[in-house]
Amino acid sequence: MRLNYRIILLVLAMGLTKSSLAALNVFACEPEWASLAETLGGDRVKVVSATTAYQDPHRIEARPSLIAKVRRADLLVCSGAELEIGWLPMLQRQAGNPKVLRGQPGYFEAADQIERLGIPDSLDRSMGDIHASGNPHVHLDPRRLSTIATALSDRLANLDPTNADYYRKRHDEFSQSWEEALQRWKTRALPLVGARLVVHHQDWEYFFDWLGIIRAGSLEPKPGLPVSSGHIVKLKKRLQQEPPLAIIYTAYQSPRAAKRLSQITGIPAVELPYTVGGAEGVVDLFTLFDETLKRLLEVIP
Amino acid sequence: MFLRLSLASAVSLALTTNAIAVDSFNPEISLILDGRYSAFDNESEYELPGFMLGGEAGRGEEGLHLGHNELAISANVDDLFYGKLTTAIADHEGETEVELEEAFIETQALGNGLSIRAGRFFSAIGYLNQQHGHAWDFVDAPLIYRGLFGEQLIDDGVQIGWVAPTDIYLQVGGELLRGERFPAGGASNDGKGASTLFAKIGGDIGVSHAWQLGLSHWRADVENRTSGGHAHEGEAEEVPTFSGDSRVSGIDFVWKWAPRGNASERNFKLQGEYFIRDEDGDVIMDDGSASPEATTYDGEQKGWYLQAVYQFMPRWRVGLRYDWLEADNKGSDEEVLAEAGLDDEGHTPERVTLMADYSHSEYSRLRLQYAKDDSYEESDDILTLQFVMSLGPHGAHKF
């Protein structure tokens with residue numbers, strides 16, 4: 001009897017040891033969070049990204065392959081602020097995995113960790129597809145990203161306490177190089193301060209907030225509505241008085257509207273990577289900001 | 001060692017953050033508005049030879065009319081349950097009827113891929129059956145849904161589903177149903193007269209393609225399933241009534257394509273389903289008398305549809321659908337079978353449907369549809385103009 005008891009304890013201990021060595025399965029909604037989770041989690045996490053830089057994170061199908069991935073996830077890392085409202089809740093409801101439901105430790109929303117911009121005073125669909133909790137494209141401000149990284153590292157340590165020291169060490173390393181990069185970027189970006197840019201969709205608000213860039217207009221007539229030629233003509237008229245530096249669009253947006261406006265106004269159109277994988281050489285969050293700044297600085301006359 | 005570990009993890013769970021963004025609406029209330037204009041070429045009464053029609057089956061109303069207006073309320077009940085209620089508000093012959101379309105709870109915290117749903121819900125049979133009318137790509141249901149389920153199979157009961165912890169998506173499940181509503185009829189076997197088994201498998205091929213394949217089976221002890229009755233001059237109304245055993249087996253697939261998986265500019269969807277139904281029992285022409293006309297009935301009805309929808313630029317989509325049905329019904333009295341609408345009249349129903357729709361935003365859709373409908377002998381040309389608008393928070397749609 002006594003022997004049995006010890007065997008049970010031994011089996012339990014083995015089970016626990018095994019599970020503490022097994023990598024955490026991380027399901028990242030967007031590539032920027034996949035990259036951050038990989039950087040902070042190292043070889044203790046196994047990360048999959050639900051989307052690529054060429055996919056519009058607002059419009060993703062709740063595909064069977066994604067349900068299968070959420071089913072096995074220990075942690076979801078998503079932008080939040082309703083960016084994924086059209087697909088993530090369906091994945092969560094269908095996967096039967098309570099660990100990653102909202103409010104659980106296995107559910108991490110980046111937008112929840114920082115002060116958000118663009119929280120609307122009133123909700124009315126005639127203003128377009130606006131998010132009640134504010135603008136969700138939070139990763140494009142490296143200062144906020146730093147706060148999110150700290151919170152995510154803590155979350156990894158909470159979920160996987162045996163590796164807590166490992167996660168802290170990796171976070172310290174990341175944090176140090178990030179602070180250095182931030183100083184470097186800030187200096188490099190000085191010529192962009194106060195610049196005016198036309199965007200495709202309002203996914204650059206946090207980037208602009210960081211550098212003091214002004215949004216001169218949007219190719220979308222209302223947030224989330226497809227571009228129309230009538231709106232482009234109106235925009236052209238409005239931009240004549242004070243021409244902006246450039247028209248920017250991302251890898252997941254069609255370049256057609258930006259190029260057309262560029263053609264009729266002479267304002268350069270610039271494709272920016274927006275997230276990790278959005279351009280050649282953009283392999284992590286560091287190269288994302290390097291490349292974005294490089295492309296914007298190139299159009300300064 | 002064990003104690004220390006479990007304490008540590010308990011503390012860590014308690015420490016986890018944080019203020020969760022509040023839903024702007026709790027519960028979520030969403031409203032679907034659906035209005036139509038239809039023009040028919042053929043004035044004779046709709047029928048589908050070889051199929052006993054029931055439920056809401058039919059080609060709909062002519063002229064200006066309202067479609068399927070829906071009010072849905074849903075929310076997490078607590079950390080364990082989710083709940084949803086959908087009412088369909090429709091006019092039937094000048095009277096406004098409120099129909100309870102869905103009223104169910106669903107578990108969310110059972111874990112291990114398991115979930116249980118209870119209440120009234122769309123059965124998991126087939127692919128299209130679980131989609132609400134407003135999410136359909138055409139104005140109406142495929143003919144086989146009309147012929148077998150009276151547009152859609154809704155029932156009261158319990159559903160259990162399990163998602164396997166595998167790389168490829170695999171879901172299996174079953175339902176135990178009351179079986180009172182068409183096409184079961186009668187709530188036989190103490191109100192648990194129907195049941196379903198289903199399996200779905202799916203995945204991606206590369207980054208641009210996604211697919212799903214489903215198998216399903218439904219069976220019911222049918223007690224007095226009625227179908228649209230008619231009166232002969234000077235005689236009492238006769239209502240075709242079936243009792244016996246009914247089984248439906250189906251296979252469904254859907255394949256979606258979008259360049260690099262980005263559906264916002266262009267995307268394509270191909271979907272098809274095949275169902276076969278076997279029925280065995282008796283049909284009577286119920287006229288209220290003690291000895292109505294009767295026949296034995298051994299029926300086989302099958303059919304399929306294939307549809308393709310292509311979004312060729314933002315806002316605009318076009319679609320093509322083909323329907324085909326066949327019935328082979330036998331009985332001791334062919335005349336009674338024919339009176340019950342179970343004679344296929346040597347006709348195999350077919351339909352070709354074309355549609356084009358425009359969505360100003362993802363909440364509003366205008367649709368034009370043309371169908372060449374050979375449901376019965378006399379061909380019909382049906383033209384429909386429809387709006388479908390959704391108000392309130394947009395729920396995520398299933399694949």
Side-chain angles (χ1 to χ4, degrees), chain A residues 9 12-13 16 20 51-52 54-56 58-65 67-68 71-72 80-82 85-99 101-105 109 111-113 123 125 128-129 132-133 151 154-155 157-159 161-162 222 224-227 252 254, chain B residues 1-2 5 8-9 12-13 15-24 79 82 106 108-115 161-171 200-204 207 210-212 256 258 260-265 314-315 360-363 391 393-399:
Chain A
L9 267 182
L12 276 173
L16 282 166
S20 64
T51 57
T52 73
Y54 295 96
Q55 296 170 349
D56 184 344
H58 304 86
R59 292 184 186 82
I60 299 296
E61 293 265 359
R63 301 196 306 277
S65 65
I67 301 170
R71 161 75 169 91
R72 285 171 302 144
E82 299 168 25
I85 198 165
W87 50 282
L88 188 63
M90 187 49 78
L91 297 179
Q92 288 170 308
R93 273 191 50 212
Q94 289 194 270
N97 179 0
K99 279 187 288 187
L101 296 180
R102 173 176 268 205
Q104 295 300 314
E109 271 194 3
D112 221 29
Q113 317 300 327
L123 289 171
R125 284 272 160 73
D129 189 9
S133 1
D154 289 347
R155 188 66 65 92
N158 283 337
L159 282 171
T162 42
K222 299 268 159 69
L225 284 194
V227 184
Y252 76 78
S254 161
Chain B
M1 158 94 172
F2 170 60
L5 267 181
S9 56
S12 71
L13 288 182
L15 279 176
T16 44
T17 49
N18 187 320
I20 297 298
V22 179
D23 267 325
S24 33
D79 57 337
Y82 165 89
E106 191 175 72
Q108 20 184 24
L110 286 185
N112 299 314
L114 214 59
S115 63
W162 178 69
V163 179
T166 45
D167 271 333
I168 198 163
Y169 170 69
L170 173 68
Q171 192 203 14
K200 294 182 200 306
I201 184 166
D204 292 343
V207 75
W211 61 278
Q212 182 178 286
K256 295 188 187 183
R260 287 172 150 175
N262 189 3
S264 45
E265 290 283 316
R315 292 185 161 136
H360 175 70
S361 70
E362 59 186 301
Y363 309 103
L391 290 75
H394 60 139
H397 278 181
K398 278 186 116 161
F399 178 73

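Below, chains carry the letters A, B, ... as their sequence lines are ordered, and counting in each starts from 1.
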How many angstroms lie between atom [atom1] of [X] and atom [atom2] of [Y], to the nearest 0.5 angstrom?
X	Y	atom1	atom2	value
R260(B)	D56(A)	CZ	CG	14.0 Å
Q92(A)	Y82(B)	CD	OH	12.0 Å
N97(A)	N112(B)	CG	CG	9.0 Å
N262(B)	Y54(A)	CG	OH	11.5 Å
D167(B)	R72(A)	CG	CZ	4.5 Å

D204(B) (side chain) donor-acceptor with S65(A) (main chain) under 3.5 angstrom: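 No, D204(B) side chain to S65(A) backbone: no donor-acceptor pair under 3.5 Å.
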At their closest point, which heavy atom of V163(B) faces which heavy atom of Q94(A), and how far apart are they?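 Answer, listing the atom of V163(B) first, then Q94(A): CG2-O, 3.3 Å.
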Which pair of non-hydrogen atoms, one from V207(B) and one from T52(A), has the smallest distance, and what is that distance?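 Result for this residue pair: CG2-CG2, 4.1 Å.
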Out of H58(A), R93(A), M90(A), which one racks up the most heavy-atom pairs below 4.5 Å with chain B?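 Counting heavy-atom pairs under 4.5 Å, the top option is R93(A).
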If you count heavy-atom pairs under 4.5 Å with chain A, which of [options] comes out on top?
options	result
G203(B), G261(B), S361(B)	G261(B)
S115(B), G111(B), A210(B)	G111(B)
G113(B), G202(B), A263(B)	G113(B)
G161(B), S264(B), P314(B)	S264(B)

Could you tell me which portion of [X] (side chain, backbone, both or neither) has an atom closer than 4.5 angstrom to a non-hydrogen atom of chain A?
X	result
W211(B)	backbone
A258(B)	neither
E106(B)	side chain
T166(B)	backbone
I168(B)	backbone
Q108(B)	both

Quick one: list whatever passes side chain to side chain contact (heavy atoms under 4.5 Å, CB included) with R315(B), sequence neighbours left out.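 If we apply the side chain to side chain contact (heavy atoms under 4.5 Å, CB included) test to R315(B), skipping adjacent residues, the hits are L225(A), P226(A), S228(A), Y358(B), H360(B).
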So, using side chain to side chain contact (heavy atoms under 4.5 Å, CB included) as the criterion, who are the partners of E61(A) when residues are at least two apart?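 Applying side chain to side chain contact (heavy atoms under 4.5 Å, CB included) to E61(A) gives R63(A), K256(B), F399(B).
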